Peer 1: 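Below is a structure I'd like to ask you about.
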Amino acid sequence: MIITVQIFLLMMVLAGVGIILFTRNIVHAAYALCLTLLGIAGVYVLVMSELLAVVQIMLYAGGVVILLAFGVMMTNRLRGEKVLSGSNNKWIGRIISVGVFAGLCYLISISPFQTTSVEKNEDQIAQIGVSFLTDHIVAFELIAFVLLVALVGAAYLAKNAADE
Amino acid sequence: MSEQMLTYYLYLAAFLFASGTYIVLTRRSAIFVLIGVELMLNGANVVLASFSQFDPAMNGQIFAIFAVVLTVCEVSIALAILLNIYRKSRVSNLDELNQIGNT
Amino acid sequence: MDGVGTKWWPYKHKGSVNEVLIISLLFLPLAGGVFGMLFKNTSYSIGGIGLSFAASLLVIINSIEFNTAIQWLPDYSLGIKLDSTAAILICLVTLISLLVHTFSLEYMREDDGKHRYFAKLGLFTFSMIGLLLADHLILLFVFWELVGLTSYLLIGFWYKKDGIPASARLSFMVNRIADVALLAGILMINNSGSLNISELSGTWLFLPSILVAIGAFGKSAQLPFSGWLTKAMVGPTPVSALIHAATMVAAGVYLLFRVAPFMHESTLIIVALTGTFTALYGGLCALFQHDIKKVLAYSTISQLGYMVMGIGVGAGSASIFHLFTHAFFKAGLFLGAGAIIHYLHQVTKADAQDMRNMGGLKKALPWTYSTFLVCALALTGIPFFSGFMSKEGIIIAGWEWAEQIGAWAYIVPDVGLITAFLTALYVGRMVLLVFYSENRLEEKIVAFSENLSLKVPLIVLALGSFWFVFDWNPFAHESRLSGYWSSTPSHSSDSISLIVMILSTLLAISGLVLAYSFFKPGSNYEQSFSKLEVGKFKLAFNGFYLVALYQSIGRGFSRFSQFTFAVDQMVVDGFIHFVGVGSVVISKVIALIDRFMVDGPVNLCGHISAFVGKRVAGLSSRDIQTQLAWLLAGVILILSWILFF
């Protein structure tokens with residue numbers, strides 16, 4: 001049963017990535033990104049990272065994609081036309097990306113992973129919350145700070161943009 | 001068994017990363033490049049998450065959560081900058097953006 | 001008397017009478033001639049010669065001998081020697097020269113260039129005496145050439161007339177060709193020791209001997225070099241008397257006499273045969289000439305043949321004796337002819353040398369006639385005259401030589417006797433046609449008072465042609481003077497000498513009788529002589545076309561030299577041209593190769609650098625995506641390096 005889910009998710013991810021790779025339409029690419037992200041969220045669930053899955057859906061699929069969509073809409077002059085984008089240096093890009101992929105695969109294939117079986121943890125969110133505030137408190141605070149800065153900065157920049 | 005599963009997830013992550021690289025290297029539009037960056041980061045997150053299933057403390061997951069948050073910040077700032085540039089010069093192609101930066 | 005090896009300028013050793021004597025002998029004639037030309041006074045020349053003659057007499061009387069050397073190079077000295085042979089011959093040369101000088105005083109009296117003439121005569125006498133004094137063969141060669149040079153100068157004396165420069169050149173050149181052989185022979189002998197005649201020893205090889213003999217043949221007008229002597233008759237007649245009768249042509253005989261003891265036997269046989277046939281040739285040609293000087297020239301060739309024949313058969317002293325007597329009577333004949341020519345020049349404008357214009361001169365020139373007759377009889381070899389004695393000596397020697405050699409060698413004395421007959425024939429013809437019968441000229445001839453300076457030499461020479469000068473016995477064939485040049489008395493069997501004597505006398509007398517019968521006054525031949533054309537005796541008249549042969553050889557030679565010049569131009573210059581062009585071509589090819597093969601790689605390196613540089617410079621592009629691409633490519637490379645190496 002799990003294998004079915006895995007295959008479904010895999011297909012979702014692959015489909016999404018495929019669209020992004022082969023389309024010239026930015027809007028299509030943005031929506032395909034949404035699809036991909038949702039698929040990856042499912043993958044997270046399969047690897048027992050529930051909180052991450054939820055975060056992914058909320059932030060990525062819900063936030064980033066919408067941001068991208070708005071960005072696309074706002075940075076194009078013409079209305080009612082497809083927003084197309086061409087590509088440069090396709091062959092170089094292909095070679096290098098294939099090279100990267102091949103290198104990573106190779107590395108993965110020769111690495112001797114050893115896994116230990118871990119019992120299932122029911123209460124992940126609580127545990128993660130606790131570790132946020134005990135083990136990773138510094139990172140937590142810093143993340144909060146970064147969020148603040150980002151918020152202020154985006155607001156400022158948007159303000160500038162809005163003034164014009 | 002789990003190792004094999006793990007390696008499949010890692011292959012998936014590698015695929016995501018490679019396709020993200022392709023998008024970043026190739027596309028002209030800035031937004032498209034942002035999409036590619038998203039893909040790359042997601043690939044890294046998949047790696048983190050797939051390793052965290054063997055960790056009782058779930059450090060991988062936590063790391064991935066932080067990565068997601070940071071990514072969101074980065075994207076928002078990047079879009080804001082892009083909007084600013086577009087407002088100023090009506091250009092959203094990376095080629096022309098390069099030239100703007102150098103003139 | 002100084003020994004060998006002193007420096008030649010003797011004035012450091014004052015009081016050496018002998019050296020002063022010798023120097024005066026040698027240089028007085030030259031000095032006299034030169035001063036005579038400078039001061040335009042002929043008495044200088046006469047004085048110079050006269051003093052030189054007196055000195056030579058002193059040498060003879062006091063039996064002075066002299067032996068010294070000139071230091072030519074530090075280790076090489078040229079010998080000068082005055083022995084009895086040279087002394088007596090110097091005496092002869094100076095006497096004849098003195099007589100010719102005297103004769104020329106009248107003969108050349110009205111000639112504009114007479115001072116030049118006397119200077120040249122003085123130069124000649126100097127050269128001849130030098131030749132006789134020389135002991136070293138190279139020194140002798142130097143004077144040999146000088147004598148040839150002065151002969152050329154004197155033959156071409158009237159150089160402004162047509163044909164005379166060419167004749168002079170021909171004489172000189174034929175001599176020069178023979179002199180090349182002489183020099184070659186001398187140089188070959190040089191390898192085997194000293195070149196001083198008094199120091200020669202042993203027997204030479206065949207080749208040097210024959211080369212020296214050829215040199216002597218050229219000077220003495222033997223076959224095949226006889227052509228120049230007839231051509232030399234275009235000069236003044238006294239010159240012919242001095243040079244081409246008495247002295248220069250005898251130089252060849254003198255040289256042969258000196259070196260005969262050292263020559264190869266085959267050479268001597270060749271010499272004898274050459275002399276024999278030359279004598280015959282001269283006699284035949286003389287018979288059919290109508291120019292009086294040419295008759296005398298061929299006669300000289302013939303008599304020289306006798307002398308050379310004498311050397312060849314080993315009778316050197318007989319040859320020198322004949323040289324002596326021949327000098328007297330031939331010079332007398334030439335001077336007599338000169339007197340006739342001189343007289344006829346004053347009477348007529350026709351060719352004064354042509355016998356067809358002469359005749360009946362017995363009454364007009366009595367002294368000339370009588371002296372001429374005496375000398376002519378001496379030439380024929382009648383007893384009571386000097387010529388008989390010397391010619392006998394040669395023929396007897398020839399006979400004895402032939403006895404030893406073999407039957408075929410008898411041709412030498414036999415031809416000698418035949419030539420004696422021919423001699424008598426042409427002499428008789430000449431005398432009869434010139435002096436007897438009526439004159440064939442249109443102008444009338446009258447008795448001509450002969451000038452003293454013409455008469456005295458003629459008389460002296462005629463006196464020298466009688467027998468008593470040489471021996472009291474008119475039938476002898478040796479003279480008291482022979483002691484001067486031969487150390488051994490010749491021994492001959494009396495029977496042979498008697499036979500030869502009788503035979504030659506008979507032949508001579510019969511020749512004269514035959515000539516008389518043909519050419520006596522009033523005979524057919526004599527009457528038609530004035531209209532004589534050459535007719536059927538063309539071969540002998542033209543001297544068997546010897547001169548024409550010389551000229552055709554000369555032409556062929558110049559054509560050959562033109563051919564070699566053309567070959568040189570084509571082949572040598574062509575080759576050099578080809579080498580030049582070829583080197584230019586090669587240099588161009590090398591330049592090409594250099595451009596391609598040397599510059600090419602260098603340029604290629606430059607291009608590679610530029611290419612690589614451009615490409616590498618493109619790395620730092622403005623395009624961020626390209627930079628990213630390079631970045632990732634670098635990461636991959638490093639990764640693969642780490643993984644696989």
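Just so it is clear: chains get the letters A, B, ... in the order the sequence lines come, proteins before strands, and each one is counted from 1. Given the structure is predicted, the values throughout are model-derived calculations rather than measurements.
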Peer 1: Which atoms of A:F113 come close to chain B, meaning under 4.5 Å heavy atom to heavy atom: side chain ones, backbone ones, both, or neither?
Peer 2: both

Peer 1: Could you check whether the rings of B:F66 and A:F132 sit parallel, tilted or perpendicular, using 30° and 60° as the cut-offs?
Peer 2: tilted

Peer 1: Please flag which part of A:I40 lies under 4.5 Å from any non-hydrogen atom of chain B: side chain, backbone, both or neither.
Peer 2: side chain

Peer 1: Nearest heavy-atom pair of B:I62 and A:S131: which atoms, and what distance?
Peer 2: CD1-OG, 2.9 Å

Peer 1: Tell me, for A:S111 versus chain B, whether the close heavy atoms (under 4.5 Å) come from the side chain, the backbone, both or neither.
Peer 2: neither

Peer 1: Is there a side-chain contact (heavy atoms from CB on, under 4.5 Å) between B:T21 and A:F101 once you walk through the steps?
Peer 2: CA-CA 9 Å; B:T21 307; A:F101 184 58; over 6 Å; no

Peer 1: Side chain from CB out, backbone as N, CA, C, O: work out which of these in A:L33 comes under 4.5 Å of a heavy atom of chain B, or both, or neither.
Peer 2: side chain

Peer 1: Highest number of heavy-atom pairs under 4.5 Å with chain B: which of A:V146, A:I92, A:V100?
Peer 2: A:V146

Peer 1: Specify which of A:I96, A:V64, A:V55 makes the most heavy-atom pairs with chain B at under 4.5 Å.
Peer 2: A:V64

Peer 1: Rounded to the nearest 0.5 Å, what's the gap from CD1 on A:I20 to CZ on B:R27? Could you check?
Peer 2: 9.5 Å

Peer 1: Between A:Q6 and chain B, with a heavy-atom cut-off of 4.5 Å, which part of the residue counts as in contact: side chain, backbone, both or neither?
Peer 2: side chain

Peer 1: Between A:F70 and chain B, with a heavy-atom cut-off of 4.5 Å, which part of the residue counts as in contact: side chain, backbone, both or neither?
Peer 2: neither

Peer 1: Contact part of A:T115 toward chain B, heavy-atom cut-off under 4.5 Å: side chain, backbone, both or neither?
Peer 2: both

Peer 1: Can A:V13 and B:L16 be said to form a side-chain contact (heavy atoms from CB on, under 4.5 Å), step by step?
Peer 2: CA-CA 9 Å; A:V13 169; B:L16 284 173; 3.9 Å; yes

Peer 1: Examine whether an atom of A:L107 lies under 4.5 Å from a heavy atom of chain B, and if so say whether it belongs to the side chain, the backbone or both; otherwise answer neither.
Peer 2: neither

Peer 1: Does any heavy atom of chain B fall under 4.5 Å from the side chain of A:L37, the backbone, both, or neither of them?
Peer 2: side chain

Peer 1: With ring-ring contact (aromatic ring centres under 6.0 Å, His included) as the criterion, how do A:F22 and B:Y22 come out once you've worked through the C-alpha distance, each side chain's angles and the decisive distance to 0.1 Å?
Peer 2: CA-CA 11 Å; A:F22 294 115; B:Y22 177 74; 7.8 Å; no

Peer 1: Where do B:F32 and A:R24 land on the side-chain contact (heavy atoms from CB on, under 4.5 Å) test, with the steps shown first?
Peer 2: CA-CA 9 Å; B:F32 231 118; A:R24 295 175 65 191; 6.0 Å; no

